[in-house]
Engineer: 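Take a look at this one; I'll ask things after.
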Amino acid sequence: MLSSIAGVLRSVREKTPLVQAITNYVTINDCANILLCFGASPAMCEAKTEVEDFTGLISSLYINIGTLTEEQKEAALLAARKASELNKPIVLDPVACCAIPRKMTIIKELFENAKISVIKGNTGEIKFLAGYAGKVRGVDSIDDGQGAVEACVSLARQYNTIVAATGETDIITDGERVCFIHNQTPMLTRITGAGCMVGALTAAAAGVTEDRFTSSAAALMAMSLAGEMAANSLEKQLPGTFRMRLFDCLHNLTEEDILNGGKISCL
Ligand SMILES: Nc1ncnc2c1ncn2[C@@H]1O[C@H](COP(=O)(O)OP(=O)(O)OP(=O)(O)O)[C@@H](O)[C@H]1O
Ligand SMILES: Cc1ncsc1CCO
Ligand SMILES: [Mg+2]
């Protein structure tokens with residue numbers, strides 16, 4: 001599995017996938033920069049009158065509903081329909097779905113109108129979507145992860161999609177296979193947007209292969225491993241410096257780093 005994951009990193013850098021992101025304004029710039037560091041090409045194209053033309057050109061679409069306005073929602077639906085028609089992968093980040101009822105309405109509309117390739121959320125969000133009691137504080141998960149694997153598998157089967165749940169241990173499943181990424185650093189929880197960024201990377205990776213189970217594992221591992229390397233490089237564990245180092249470490253991440261430092265287990 002590690003060599004397939006390293007292969008996804010290589011493909012991203014060889015193919016430079018064009019990722020269209022309709023994402024929240026808190027972390028939109030972080031998402032653009034992390035995509036560049038990964039080797040992808042970001043485009044935050046979200047105007048209602050532009051999205052359909054642009055979606056024709058992309059490798060993948062990332063939809064993050066963190067601060068979605070009504071206008072952005074319409075744009076997201078147009079882009080998602082077009083991407084589905086063209087068979088381009090869509091990654092959905094269901095930010096705050098458990099805290100704000102309107103988010104669930106949007107998610108349902110997206111599923112009714114488009115084929116979602118990957119749902120990537122924090123463990124609290126994923127458990128909530130699967131109908132389990134997920135613990136969250138606004139956009140943050142405070143879930144202990146109990147029952148998370150069952151929730152991920154059940155959600156993946158329900159929607160015939162890949163599910164990627166982030167937390168201290170990340171879980172990825174296609175409803176049959178399950179793998180766990182054990183790379184981690186608590187520093188990733190001290191900055192906002194680590195989840196948004198990993199969602200953007202998941203879209204980039206989905207744009208270079210049909211194997212969205214492996215590509216999702218690659219995106220989550222790239223983030224967690226770059227995070228580990230960034231934290232290890234710090235004299236003091238400070239979030240501002242960590243955030244900068246995270247970008248640098250992802251930019252420098254090699255296939256060898258994955259083969260030597262990637263920690264993954266599979267069920
Ligand atoms: N307790 C933890 N310890 C270590 N790493 C973690 C922990 N929780 C999450 N991570 C890592 O942080 C990254 C973001 O996951 P998280 O679950 O915090 O997303 P999120 O809540 O959606 O984040 P945000 O809302 O800030 O974008 C992932 O790469 C994940 O592996
Ligand atoms: C803080 C915050 N609020 C809405 S989206 C977002 C970014 C992390 O999900
Ligand atoms: Mg999130």
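Atoms within each ligand, like the ligands themselves, are counted from 1 in listed order.
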Engineer: Do any N or O atoms from the side chain of Glu125 and from the backbone of Ala96 form a donor-acceptor pair under 3.5 angstrom?
Structural biologist: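 Answer holds: yes.
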Engineer: Could you name the option among Thr189, Thr166, Asn183 that has the heavy atom nearest to atom 16 (P) of ligand 1?
Structural biologist: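 It is Thr166 whose heavy atom sits nearest to atom 16 (P) of ligand 1.
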Engineer: Compare every heavy atom of Asp93 with every heavy atom of Gly121, then report the nearest pair and how far apart it is.
Structural biologist: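 In this case the closest contact between Gly121 and Asp93 is CA-OD1, 4.3 Å.
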Engineer: Taking only heavy atoms of Asp170, which atoms of ligand 1 are found under 4.0 Å from at least one of them?
Structural biologist: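 It comes down to these atoms of ligand 1: 30 (C), 31 (O).
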Engineer: Judging by distance only, is a nitrogen or oxygen of Gly195 under 3.5 angstrom from one on ligand 1?
Structural biologist: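 The answer is yes, given that Gly195 and ligand 1 share an N or O pair closer than 3.5 Å.
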Engineer: Return a yes/no value for Glu125: is any of its N or O atoms, backbone included, closer than 3.5 angstrom to an N or O of ligand 1?
Structural biologist: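 Not met; the criterion fails.
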Engineer: Given Asn24, Thr23, Asn64, identify the one with the heavy atom nearest to atom 5 (S) of ligand 2.
Structural biologist: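 Selected option, by shortest heavy-atom distance: Asn24.
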Engineer: Ignoring hydrogens, just give me the one of Gln184, Met197, Arg190 whose non-hydrogen atom is nearest atom 3 (N) of ligand 1.
Structural biologist: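 Checking each option, the heavy atom nearest atom 3 (N) of ligand 1 is found in Gln184.
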Engineer: Linking I/L/V/M/F/W/Y whenever their side-chain heavy atoms sit closer than 4.5 Å, directly or via other members, would Phe38 and Ile172 fall into one cluster?
Structural biologist: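 Per the 4.5 Å side-chain linkage, Phe38 and Ile172 are co-clustered.
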Engineer: Can you tell me the protein heavy atom closest to atom 2 (C) of ligand 1 and the distance?
Structural biologist: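 Result: Glu168 CA, 3.5 Å.
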Engineer: I need the full list of side-chain hydrogen bond (donor to acceptor under 3.5 Å, both in side chains) pairs touching residues 146-157, with sequence neighbours left out, sorted by first then second residue.
Structural biologist: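 For residues 146-157: none.
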Engineer: Distance under 4.0 Å to a non-hydrogen atom of Met223: what atoms of ligand 1 satisfy this?
Structural biologist: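 In order of number, 29 (O).
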Engineer: Let me see the working for Met221 and Ile264 under side-chain contact (heavy atoms from CB on, under 4.5 Å), right down to the final yes or no.
Structural biologist: CA-CA 8 Å; Met221 180 178 284; Ile264 188 165; 3.9 Å; yes
Engineer: Is a donor on one side and an acceptor on the other found under 3.5 Å between the side chain of Thr202 and the backbone of Ser216?
Structural biologist: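 Looks like no, no N/O pair under 3.5 Å.
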Engineer: Work out whether the distance between some heavy atom of Cys196 and some atom of ligand 2 is less than 4.0 Å.
Structural biologist: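 It does; at least one heavy atom falls under 4.0 Å.
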Engineer: Starting from atom 6 (C) of ligand 2, locate the nearest protein heavy atom and write down its residue, its atom name and how far away it is, to 0.1 Å.
Structural biologist: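 Result for atom 6 (C) of ligand 2: Val26 CG2, 3.7 Å.
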Engineer: Under the 3.5 angstrom rule, does the side chain of Asn183 hit a backbone N or O of Lys263 as a donor-acceptor pair?
Structural biologist: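 Yes; at least one donor-acceptor contact below 3.5 Å.
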Engineer: Taking Ala206's backbone N and O only, do any of them form a donor-acceptor pair with Arg212's side chain (distance below 3.5 Å, no angle check)?
Structural biologist: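 Looks like yes, one N/O pair under 3.5 Å.
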Engineer: Please state which protein non-hydrogen atom is closest to atom 21 (O) of ligand 1 and give its distance, to 0.1 Å?
Structural biologist: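 Minimum-distance protein heavy atom for atom 21 (O) of ligand 1 reads Asn122 ND2, 2.9 Å.
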Engineer: Counting from 1, what ligand 1 atoms have a heavy atom of Cys196 closer than 4.0 Å?
Structural biologist: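 Reading through ligand 1 atom by atom, the close ones are 27 (O).
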Engineer: Between Gly167 and ligand 1, is there a nitrogen or oxygen pair with a distance under 3.5 Å?
Structural biologist: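 Indeed, backbone or side chain, Gly167 has an N or O that close.
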Engineer: Can you tell if the side chain of Asn122 reaches within under 4.5 Å of the side chain of Asp140, non-hydrogen atoms only?
Structural biologist: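 When only atoms from C-beta onward are counted, Asp140 and Asn122 do not touch, as no gap falls below 4.5 Å.
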Engineer: Is there a donor-acceptor pair under 3.5 Å between the side chain of Glu46 and the backbone N or O of Ile22?
Structural biologist: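 Pair absent, no side-chain N/O of Glu46 close to backbone of Ile22.
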Engineer: Which residue supplies the protein heavy atom nearest to atom 12 (O) of ligand 1, what is that atom called, and how far is it?
Structural biologist: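 So the nearest neighbour among protein heavy atoms is Leu188 CB, 3.3 Å.
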Engineer: Give the minimum heavy-atom separation between Phe128 and Cys97, together with the two atoms involved.
Structural biologist: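 That closest heavy-atom pairing would be CE2-O, 3.4 Å.
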Engineer: Can you find a protein heavy atom closer to atom 18 (O) of ligand 1 than 4.0 Å?
Structural biologist: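 When distances to the protein are checked, atom 18 (O) of ligand 1 has no heavy atom within 4.0 Å.
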Engineer: So is Leu220 touching ligand 1 or not, going by heavy atoms under 4.0 Å?
Structural biologist: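 Judged by the 4.0 Å heavy-atom criterion, Leu220 does not count as contacting ligand 1.
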Engineer: Between Gly66, Gly227, Ala219, Ala194, flag the one that comes closest to atom 13 (C) of ligand 1 by a heavy atom.
Structural biologist: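 It is Ala194 whose heavy atom sits nearest to atom 13 (C) of ligand 1.
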Engineer: Name the closest protein heavy atom to atom 25 (O) of ligand 1, giving the residue it belongs to and the distance to 0.1 Å.
Structural biologist: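 Its nearest protein heavy-atom neighbour is Val139 O, 3.7 Å.
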Engineer: Just to confirm my output: which protein heavy-atom neighbour is closest to atom 26 (O) of ligand 1, and how far is it?
Structural biologist: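 Protein heavy atom at minimum distance: Gly193 N, 2.8 Å.
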Engineer: Using a 4.0 Å cut-off to any heavy atom of Ser224, which atoms of ligand 1 qualify?
Structural biologist: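 Reading through ligand 1 atom by atom, the close ones are 29 (O), 31 (O).
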Engineer: Nearest protein heavy-atom contact for atom 3 (N) of ligand 2: which residue, which atom, what distance?
Structural biologist: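 Checked against all protein heavy atoms, atom 3 (N) of ligand 2 sits closest to Val139 CG1, 3.7 Å.
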Engineer: Say whether, by atom type as modelled, one donor and one acceptor occur between the side chain of Lys120 and the main chain of Val198 under 3.5 angstrom.
Structural biologist: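 No, Lys120 side chain to Val198 backbone: no donor-acceptor pair under 3.5 Å.
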Engineer: With atoms numbered from 1 as shown, which atoms in ligand 2 lie under 4.0 angstrom from a non-hydrogen atom of Thr192?
Structural biologist: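 So the atoms of ligand 2 that pass are 1 (C), 7 (C), 8 (C).
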Engineer: Quick one: ring-ring contact (aromatic ring centres under 6.0 Å, His included) pairs with a partner in residues 210-232, sequence neighbours left out?
Structural biologist: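 Residue pairs with at least one partner in residues 210-232: there are none.
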Engineer: Evaluate Thr185 for polar contact with ligand 1, using N/O atom pairs at a separation under 3.5 Å.
Structural biologist: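 N/O-N/O distance below 3.5 Å exists for this pair.
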Engineer: List the atom of Ala165, the atom of Cys152, and the distance in Å for their closest heavy-atom pair.
Structural biologist: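 Result for this residue pair: CB-SG, 3.7 Å.
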